[in-house]
Amino acid sequence: MTQGQAWVGTPLARLDGAEKVTGKAVYTVDVRVPGALAVRLVRSPVPRARLRGVRRSEAQAVPGVVAVLTAEDLRRLGRFELRFGHQVKDQPVLADGEVRYEGEPVAAVLAEDEWAAQEAASRVELDLEVLPAADNLEAALAPQAPLVHETVQPVVPWVRPVPGTNVVHRTELVRGEPERAMAEADLVVEDTFEFPMQYHLFLEPFAVVAVPSERGLTVWTSAQHPFHLRAALAEQFRMDPRDVRVIVPHVGGAYGGKGYPKVEPLACALAVAVGRPVRLVLSMPECFRTIRSVNCRCTLRTGVRRDGVLVA
């Protein structure tokens with residue numbers, strides 16, 4: 001038996017096991033930075049609307065509130081891009097001109113403590129002109145459907161949006177001659193399967209602590225792809241990647257739901273805007289509005305011979 005095989009069937013202690021079972025493990029939600037502002041987001045109550053204005057005077061009057069910011073405020077800074085995305089830049093850090101989904105962040109409240117931020121967020125009023133929305137697959141693909149985005153900016157060359165539609169990408173892969181093969185089948189079975197939208201249900205919510213400096217950014221985050229995230233933030237904030245430091249403590253679950261930028265671009269934009277560290281921790285309902293596995297409809301047609309051979 002080799003030395004490696006000697007470990008088979010032998011209980012081994014996890015390297016991080018003692019930290020976690022004793023409560024000593026540090027997660028992003030545990031990170032505290034002196035002077036960090038608490039952030040609370042004001043979200044759209046409707047799936048689609050024209051954003052006519054944000055009334056924030058009452059929110060700004062709450063003691064401890066430092067700023068109530070919108071996309072227009074961030075645009076005036078001119079220091080970074082307002083949109084981000086892994087394959088398509090379709091996610092504004094804050095709703096910009098139009099709300100595109102229920103729960104989309106429209107304004108951000110920054111305050112000296114959590115209570116002030118929460119109280120101020122409850123006092124922000126959104127002036128929304130509700131617009132027709134496509135809320136299912138048929139409505140989104142129908143002719144003259146309301147468009148989620150008038151234009152789409154792909155990040156990678158293999159994404160090819162179909163102009164004037166909600167189709168962000170279409171691909172066709174054919175091997176052999178399917179119809180000819182089907183004609184040789186003794187039995188053809190066709191059915192459509194539907195899979196519902198899913199949530200990853202990780203225990204630690206999305207959490208970010210962003211610290212700006214004269215030269216760059218330091219970001220603590222509960223994320224799976226720190227190097228992808230660093231590259232994306234460097235591009236968005238027009239920085240050298242060497243000046244963007246991404247620190248990932250223990251991650252309280254992810255399961256594929258914390259890959260690539262999610263709330264980090266917004267937290268960093270707010271930190272840069274006010275020139276102070278910020279701490280953004282989402283509630284679980286907010287996490288549901290941040291990432292989900294999309295629902296799917298799959299139609300499958302299978303041709304089979306009597307001897308059990310699949311032909312198409």
Side-chain angles (χ1 to χ4, degrees), residues 25-42 60 64-86 89 91-94 96 105 107-114 116-118 120-121 155 204-252 254 258-282 286 290:
V26 174
Y27 297 84
T28 303
V29 292
D30 300 317
V31 174
R32 294 290 191 275
V33 174
L37 297 173
V39 178
R40 282 291 180 269
L41 302 177
V42 181
Q60 291 171 324
V65 170
V66 173
V68 181
L69 300 177
T70 65
E72 186 58 36
D73 298 318
L74 300 179
R75 178 182 292 103
R76 281 196 290 266
L77 291 175
R79 297 177 60 184
F80 46 79
E81 294 185 50
L82 294 182
R83 290 196 175 202
F84 66 97
H86 171 51
K89 289 189 177 181
Q91 301 176 68
V93 291
L94 291 172
D96 190 12
V109 176
L110 295 89
E112 298 290 353
D113 58 64
E114 299 282 348
Q118 184 64 45
V155 178
E204 182 190 21
F206 287 107
V208 186
V209 176
V211 181
S213 66
E214 293 184 3
R215 183 172 177 175
L217 285 164
T218 300
V219 183
W220 286 264
T221 179
S222 181
Q224 290 178 272
H225 295 163
F227 289 98
H228 285 294
L229 177 59
R230 182 181 70 166
L233 292 176
E235 178 184 357
Q236 181 181 0
F237 289 86
R238 303 162 193 162
M239 296 177 179
D240 189 311
R242 292 172 295 183
D243 296 329
V244 179
R245 185 184 183 198
V246 175
I247 303 170
V248 179
H250 290 290
V251 176
K258 292 180 178 177
Y260 306 105
K262 291 296 186 297
V263 292
E264 296 88 359
L266 172 56
C268 291
L270 299 176
V272 170
V274 297
R276 287 182 58 177
V278 303
R279 180 175 181 270
L280 172 60
V281 178
L282 300 190
E286 287 181 301
T290 301

- [ ] Determine yes or no for a side-chain-to-main-chain donor-acceptor pair under 3.5 angstrom, with Glu264 supplying the side chain and Lys262 the backbone.
- [x] yes
Open item on the list: salt bridge (Lys or Arg N to Asp or Glu O under 4.0 Å) for Glu112 and Arg276? Distances and angles first, verdict last.
Closed with: CA-CA 11 Å; Glu112 298 290 353; Arg276 287 182 58 177; 3.0 Å; yes
Task: Inter-residue atom distance Arg245.CZ - Arg230.CZ, 0.5 Å rounding - done: 11.5 Å
Task: Val39 versus Ala108, closest heavy-atom pair with distance - done: CG1-CB, 4.4 Å
TODO: Check whether any side-chain heavy atom of Thr28 sits under 4.5 Å from a side-chain heavy atom of Phe206, and report yes or no.
DONE: no
Task: Stepwise side-chain contact (heavy atoms from CB on, under 4.5 Å) test for Val272 and Phe80 - done: CA-CA 9 Å; Val272 170; Phe80 46 79; 4.0 Å; yes
Task: Side chain Glu204, main chain Val251, donor-acceptor under 3.5 Å - done: no
Task: Pairwise distance CD(Gln91) to CZ(Phe84) - rounded to 0.5 angstrom - done: 4.0 Å
Task: Heavy-atom donor-acceptor pair, Arg32 side chain to Val29 backbone, under 3.5 Å - done: yes
Task: Pair Phe227-Leu229, side-chain contact (heavy atoms from CB on, under 4.5 Å): steps then yes or no - done: CA-CA 5 Å; Phe227 289 98; Leu229 177 59; over 6 Å; no
Open item on the list: Heavy-atom count check: over 12 atoms from other residues, nucleotides or ligands less than 6.0 Å from Arg215 CZ?
Closed with: no
- [ ] Measure the OG1-NZ distance between Thr290 and Lys258 for me, rounded to the nearest 0.5 Å.
- [x] 11.0 Å
Task: Leu266/Leu41 under side-chain contact (heavy atoms from CB on, under 4.5 Å): CA gap, chis, key distance, verdict - done: CA-CA 10 Å; Leu266 172 56; Leu41 302 177; 3.7 Å; yes
Task: Considering all heavy atoms, the nearest Gly252-Ser222 contact - done: N-OG, 4.3 Å
- [ ] Indicate the atoms forming the closest heavy-atom contact of Ala120 with Val109, along with that distance.
- [x] CB-CG1, 3.6 Å
Open item on the list: Please check: side-chain N/O of Arg279 versus main-chain N/O of Val33, any donor-acceptor pairing under 3.5 Å?
Closed with: no
- [ ] Assess whether atom CZ of Arg75 is packed by more than 12 heavy atoms of other residues, nucleotides or ligands within 6.0 Å.
- [x] yes
Task: Atom CZ of Arg242 with >12 non-hydrogen neighbours under 6.0 angstrom - done: no
TODO: State, with a plain yes or no, whether a side-chain heavy atom of Pro261 is found less than 4.5 Å away from one of Leu233.
DONE: no
Open item on the list: So, taking the atom named CG in Leu94 and the one named CD in Glu72, what distance separates them when rounded to the nearest 0.5 Å?
Closed with: 11.5 Å
Task: Non-hydrogen atoms of Ala269 and Leu74 that approach each other most closely - done: O-CD2, 4.2 Å
- [ ] For the pair Glu81 (side chain) and Gln236 (backbone), establish whether a donor and an acceptor sit closer than 3.5 Å, ignoring hydrogens and angles.
- [x] no
Open item on the list: Using 30° and 60° as the class boundaries, would you call the ring planes of His228 and His86 parallel, tilted or perpendicular?
Closed with: perpendicular
Task: Exercise: identify the closest heavy-atom pair between Pro249 and Val31 - done: CG-CG2, 4.3 Å
